[in-house]
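Since this is a predicted model, take the numbers as computed values, not measurements.
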Amino acid sequence: MATHFNPEAMKFLRGLARNNDREWFEARRDVYERALKTPMLALVEEINAAMVEFAPEHVRPPHKVAMRIYRDIRFSPNKQPYKTNLAAWWARRGMEKTSGGGFYLQISPQHVMVAAGVYMPEREQLLTIRRWMSAHHASYRASVKKLLKSRGAGFELSETEALTRMPKGFASDDPADELVRAKSWGVRAWLPAEAALEPTLAREIVRRFRMVTPLIDTLNGAILYRDDATARDVAASSRKPFF
């Protein structure tokens, strides 16, 4: 059975945005469990079943893929306890605790976002990818350009923070320029909020995940097969600011 959400789920998220506190949430926990958490886990399960064919290294138990609705407020000035969307992150097996390339889904009353890439990787991965981009910028740009031109997919470059100048160790005239200065790499596509209410939801997500898989494999390949020099350089600079 095709998994999708009902209007009650979107009503809950809109209400949570207006009343982001524990008292409001706990009074409606049964709605959250029934209309949001349960279908989200079922949706992840449905997507997992399809990903076995093209991204098996990213298939994990639904409760490991679906992200918690609780915000980590320990170091944030925003003390609202709950996220106002549903989200899921398909990390590559073995990279669950790092920032390797993966697939991302976000569902809210405003939109459905389907994205893929590497987001704010840890120091060692960041240096590795930047070096890889410096050496392979032409092929990477060609792959991304092909995705952006994919008919009916609606891909765009993901927004990313970037350094204003080239990082230490890279030439100022490096032809990879913006790819080396970036802190994240990937693409995303926006679907209308109504897509979350349609039986075709999983199909639309899977179609886009399948299309971006070669890009994710490329980014993870750059991380997994880094040369020993990267690790040595990172260790040598571990006591120095990287940015």
Side-chain angles (χ1 to χ4, degrees), residues 55 57-58 60 65 67 71-72 75-76 78 83 85-108 110-150 153-170 174-191 205 208-209 211-226 230-231 233-234 237 241-243:
E57 298 88 357
H58 293 263
R60 302 167 63 212
V65 174
M67 301 176 74
R71 295 183 62 252
D72 185 351
F75 309 108
S76 174
N78 179 0
K83 301 171 186 174
N85 59 61
L86 299 176
W89 169 246
W90 284 262
R92 191 186 192 281
R93 193 173 302 119
M95 291 183 168
E96 298 91 338
K97 296 183 179 181
T98 63
S99 304
F103 305 84
Y104 179 72
L105 170 66
Q106 185 182 99
I107 296 172
S108 76
Q110 292 75 42
H111 57 247
V112 174
M113 183 175 73
V114 181
V118 176
Y119 178 72
M120 301 292 283
E122 60 184 21
R123 176 192 294 263
E124 187 172 340
Q125 289 183 0
L126 180 62
L127 178 57
T128 299
I129 294 176
R130 282 175 169 166
R131 284 183 166 172
W132 186 92
M133 289 293 174
S134 182
H136 303 90
H137 57 91
S139 61
Y140 180 80
R141 286 190 176 112
S143 298
V144 170
K145 184 177 181 180
K146 183 178 179 181
L147 277 175
L148 299 183
K149 289 186 174 181
S150 301
F155 285 122
E156 64 180 24
L157 291 176
S158 298
E159 290 183 358
T160 175
E161 294 183 23
L163 301 177
T164 57
R165 61 182 65 183
M166 296 295 280
K168 184 178 179 181
F170 295 87
D174 192 310
D177 188 30
E178 82 285 357
L179 296 176
V180 172
R181 290 188 293 105
K183 298 181 182 180
S184 302
W185 300 264
V187 296
R188 64 185 179 187
W190 303 96
L191 305 180
I205 296 166
R208 289 167 176 81
F209 278 5
M211 294 170 72
V212 299
T213 296
L215 186 70
I216 297 303
D217 288 346
T218 294
L219 290 169
N220 281 331
I223 295 169
L224 291 170
Y225 302 108
R226 60 182 178 268
T230 299
D233 287 355
V234 170
S237 63
F242 192 72
F243 296 112

S184 side chain vs M120 backbone, donor-acceptor pair below 3.5 Å: yes
G94 backbone acceptor or donor facing E96 side chain under 3.5 Å: yes
Side chains of L126 and E122 in contact at under 4.5 Å (non-hydrogen atoms): no
Taking every non-hydrogen atom, the tightest pair across M113 and W190: SD-CH2, 3.5 Å
Taking every non-hydrogen atom, the tightest pair across G101 and N220: N-OD1, 2.6 Å
F155 to A189 - nearest heavy-atom pair and separation: CD2-CB, 3.9 Å
Minimum heavy-atom distance between M211 and S150, given as atom pair plus value: CE-CB, 3.1 Å
Closest non-hydrogen atom pair, G117 against I216: N-CD1, 3.2 Å
From CA spacing to verdict: side-chain contact (heavy atoms from CB on, under 4.5 Å), S158, T160: CA-CA 6 Å; S158 298; T160 175; 5.9 Å; no
Candidate list L215, V212, L179, test side chain to side chain contact (heavy atoms under 4.5 Å, CB included), partner V144, passing option: L215
Validation row: E124, I223 side chains within 4.5 angstrom (heavy atoms): no
Minimum-distance pair of heavy atoms, taken over all atoms of R181 and L163: NH1-O, 2.8 Å
L105 and V112, any side-chain heavy atoms less than 4.5 Å apart: yes
R93 and E57 ion-paired at < 4.0 Å: no
Qualifying residues under ring-ring contact (aromatic ring centres under 6.0 Å, His included), relative to F209, sequence neighbours excluded: W90, F103
Test side-chain contact (heavy atoms from CB on, under 4.5 Å) applied to T218 - qualifying residues, sequence neighbours left out: W132
Short side-chain to backbone donor-acceptor contact, R208 and A116, under 3.5 Å: no
R141 with E178: basic N within carboxylate O range, under 4.0 Å: yes
Greater than 12 external heavy atoms within 6.0 Å of F170's CZ: yes
Partner set under ring-ring contact (aromatic ring centres under 6.0 Å, His included) for W185, not counting sequence neighbours: none
